[in-house]
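Since the model is a prediction, treat every value here as computed from it, not as a measurement. The chain is numbered in sequence order, starting from 1.
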Amino acid sequence: MRPFPEPDPGEPALGSPGRYLLWLASAHRASAVLAVGYGVLCTLAQAFVPAAIGRGIDRGLVAGDRGALVAWCAAVLGLGVVQAVTGTLRDRCSVTNRFGAAYRTMQLVTLKTARLGAELPRRVSAGAVVSVGATDITRIGAALESTARGGGAVVSVAVVAGVMLTVSWQLGLVALVGVPLSAAAVAALMRLLHARQHELRKEQGALADLAVDIVDGLRVLRGIGGERVFADRYRERSQRVRHEGVRVAGVESGVAAGRLLLPGLLVAVIVWLGAHFVGSGRMSPGALVAFYGYAVFLAEQLRRATSMVDQLTRALVAARMVTDLLVMEPGLGSGDRDLDAEAARGTLRDPGSGLEIPPGRFVAVACDHPDDMLLLADRLGRYVDSPVTLGGTPLAEFPLAEVRRRILVVDHDARLFSGGLGSQLDPHGRAVGGAGGGAFGGAGLGADDAADDRLRRALDTASAHDVVEALPEGLDQEISGGREFSGGQRQRLNLVRALMSDPDTLVLVEPTSALDAHTEARIAERLGAHRRGRSTVVFTTSPILLDRADHVVLVAEGTVVAEGRHGELLADARYRAVVTREVTTS
């Protein structure tokens, strides 16, 4: 794939939607040129049909020359064959342009979202990204597809107008004046349509955001009886979308009326003047028939040209949304200092809070405010700018990709993706389901027995064997984003995936909050042994997990205030207030 061009001085900014559409066209230069070329040949062949029919009438029927009549009939047939062949080739190239532009845009958007990573939800709403994938790429593809027919229409209009001028300058002048006036009138409506469509697109994005929020929180809404409140909000927002849609439809109806009415009036004027010229002997009957054909042809090509303008208008609105996303750059810089395995085993320290994670230890962190858990986890994983150091070296000096590989943060936003469960749990793709029944299939997971054993051990540590065994196809089961599982099952499967990644430092945020006490106890018992020799940080207020940790840290008001073992810290009233929910009085 050709790289997206960097902005050059004096050229339009990278965020220019027009420049982006031109870049897409240049990325498919061969098919784009062929599509327009075939489109021009097809419309020119269609444009010469009225001329051939007119000549056949004058030189064949009126003059009584059978040979001339047959020759001109053959010419009409040949033009029809050329039109059919070039039209087919034009459509093939146009479809290539359509899907090529759509898929190229989707590739760029996907690549950009992957590069932004955890920054994406903070900078772009989920609804906006969904709308880009569901609507905008389709409009961009349709615009590139329309250029073949629209380009042929523009060229053929100029050619036919020139032919009409040579036969009858009066009628040719009417066509040359009438066509631009009609196009200008429709273009004025197009500009208004462009503005209305932009507002509609913004409202649709806001409605998609609200829909995503409702779907994500549906279970909670039902629990607190908030369905009616959110239904009223959705209804209000959808009515705003409907109102904007009605405004757009009003302009679209004007555009559609202009496409039909203005060319129709032009045809009527040309035919009336042509009939008058025939009656006065200034034009032959065949020429009148040809002019009628030209007028009808011009009306059709004018509709195609305005349709292309309409598609390009919609595409400019869509491209604006796409380029607004593509111009975003990650806010976190990436250093160039080597982060090898030895350096990754250093002490992880957050100077802002005083939190230190010694290498190879199982550390539990209890925070008096839940928000501090996510903030500290983001700092340790360098999802936000912070002075956190690893082995005394600031994380900012290491390549960001290496930091992500060495330090893995798993919080409440961790999700499963669609696909085979086995490939979800093993991020390196070594574990694949077998062909038989049971959790691992009758023949085992695959040829790599070591990977099989690692996955079995991870499932055992996360107490997730029952989740896999309950599936008809075990690890071969195709899942759809984890919606088949309960909250506790998703937590355990996410923990399995984290353990299979085997990072040097694993940061878990409330990994057992949705589990029952017995399952939580089994995980707490096994987690430390599974991660022996690796650093593990668990942000939690669960006494079961805290009791199994090698070291416990209490964070109050964003600062470390106490450290030790769980049993020792229970003597601290602040710790008891956080862990046992004991109410202290002052």
Side-chain angles (χ1 to χ4, degrees), residues 117-123 330-333 335 346-359 361-398 400 403-404 406-414 498 503-513 535-586:
E119 296 183 43
L120 182 66
R122 302 188 183 103
R123 302 173 64 179
L332 296 174
T347 298
L348 189 62
R349 184 175 186 275
D350 176 29
S353 63
L355 177 62
E356 290 190 6
I357 311 299
R361 299 290 299 279
F362 178 13
V363 179
V365 183
C367 300
D368 61 344
H369 295 297
D371 290 344
D372 288 342
M373 294 185 183
L374 295 174
L375 178 58
L376 288 173
D378 284 346
R379 287 180 183 175
L380 295 178
R382 198 168 178 259
Y383 287 97
V384 295
D385 270 326
S386 68
V388 172
T389 61
L390 180 60
T393 302
L395 282 181
E397 295 185 9
F398 297 116
L400 191 58
V403 173
R404 293 284 183 269
R406 300 289 184 177
I407 304 174
L408 176 62
V409 178
V410 181
D411 57 17
H412 298 298
D413 293 331
D504 294 285
T505 301
L506 176 59
V507 181
L508 303 172
V509 180
E510 291 285 11
T512 59
S513 59
S535 300
T536 305
V537 187
V538 178
F539 288 91
T540 182
T541 56
S542 167
I544 297 176
L545 282 173
L546 292 168
D547 185 52
R548 293 294 181 180
D550 299 332
H551 188 70
V552 179
V553 179
L554 174 63
V555 175
E557 302 297 332
T559 304
V560 174
V561 295
E563 298 183 61
R565 295 298 297 264
H566 173 64
E568 300 168 354
L569 291 175
L570 284 174
D572 190 318
R574 296 169 299 180
Y575 183 76
R576 291 198 308 273
V578 173
V579 176
T580 67
R581 311 301 192 269
E582 177 182 302
V583 178
T584 59
T585 58
S586 57

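- Using modelled atom types, one side-chain atom of Arg404 and one backbone atom of Arg382 make a donor-acceptor pair closer than 3.5 Å.
- Taken from CG in Asp411 to CD in Glu510, the straight-line distance is 11.5 Å, to the nearest 0.5 Å.
- Across all non-hydrogen atoms, the minimal contact from Leu546 to Ala366 is CD2-CB, 4.4 Å.
- Here the closest heavy-atom approach between residue Arg574 and residue Ala562 is recorded as NH2-CB, 4.5 Å.
- Within the 3.5 Å criterion, the main-chain N or O of Leu570 finds a donor-acceptor partner in the side chain of Arg576.
- The CG atom of Leu355 sits 11.5 Å away from atom CG of Leu554, with the distance rounded to the nearest 0.5 Å.
- Taken to the nearest 0.5 Å, the CD1 atom of Ile357 stands 11.5 Å off from the CZ atom of Arg349.
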Next item on the list: Decide side chain to side chain contact (heavy atoms under 4.5 Å, CB included) for Thr541 and Met373; before the verdict, give the C-alpha distance in whole Å, the side-chain angles of both, and the deciding distance to 0.1 Å.
Entry: CA-CA 10 Å; Thr541 56; Met373 294 185 183; 3.7 Å; yes
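- Summarising the geometry of Leu376 relative to Cys367, their closest heavy-atom pair is CD1-SG, 4.1 Å, with the distance given to 0.1 Å.
- Under a 3.5 Å cut-off, the side chain of Glu568 and the backbone N or O of Arg565 do form a donor-acceptor pair.
- Note: Leu395 CG to Leu348 CG = 6.0 Å, rounded to the nearest 0.5 Å.
- Residues Leu332 and Val384 come closest through the heavy atom pair CD2-C, 3.8 Å.
- Residue Thr389 holds its OG1 atom at 9.0 Å from CZ of Phe398, rounded to the nearest 0.5 Å.
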Next item on the list: Kindly determine whether His566 and Val579 satisfy side chain to side chain contact (heavy atoms under 4.5 Å, CB included), including the steps that lead there.
Entry: CA-CA 10 Å; His566 173 64; Val579 176; 4.0 Å; yes
Next item on the list: Could you go through the side chain to side chain contact (heavy atoms under 4.5 Å, CB included) check for Phe539 and Val507 one step at a time?
Entry: CA-CA 8 Å; Phe539 288 91; Val507 181; 3.6 Å; yes
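- Between the side chain of Asp368 and the backbone N or O of Val578, no donor-acceptor pair lies under 3.5 Å.
- A 4.5 Å side-chain heavy-atom check between Leu380 and Val409 finds every atom pair outside the cut-off.
- Closest of all the heavy-atom pairs between Pro359 and Thr347 is CD-OG1, 3.5 Å.
- Using a 4.5 Å heavy-atom threshold, the side chains of Val538 and Pro511 count as touching.
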Checklist line | Full working for side chain to side chain contact (heavy atoms under 4.5 Å, CB included) between Thr512 and Ile544 | finding: CA-CA 10 Å; Thr512 59; Ile544 297 176; over 6 Å; no
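- To the nearest 0.5 Å, atoms OG1 (Thr505) and CZ (Arg361) are separated by 13.5 Å.
- Smallest separation of non-hydrogen atoms from Gly346 and Leu390: O-CD1, 3.5 Å.
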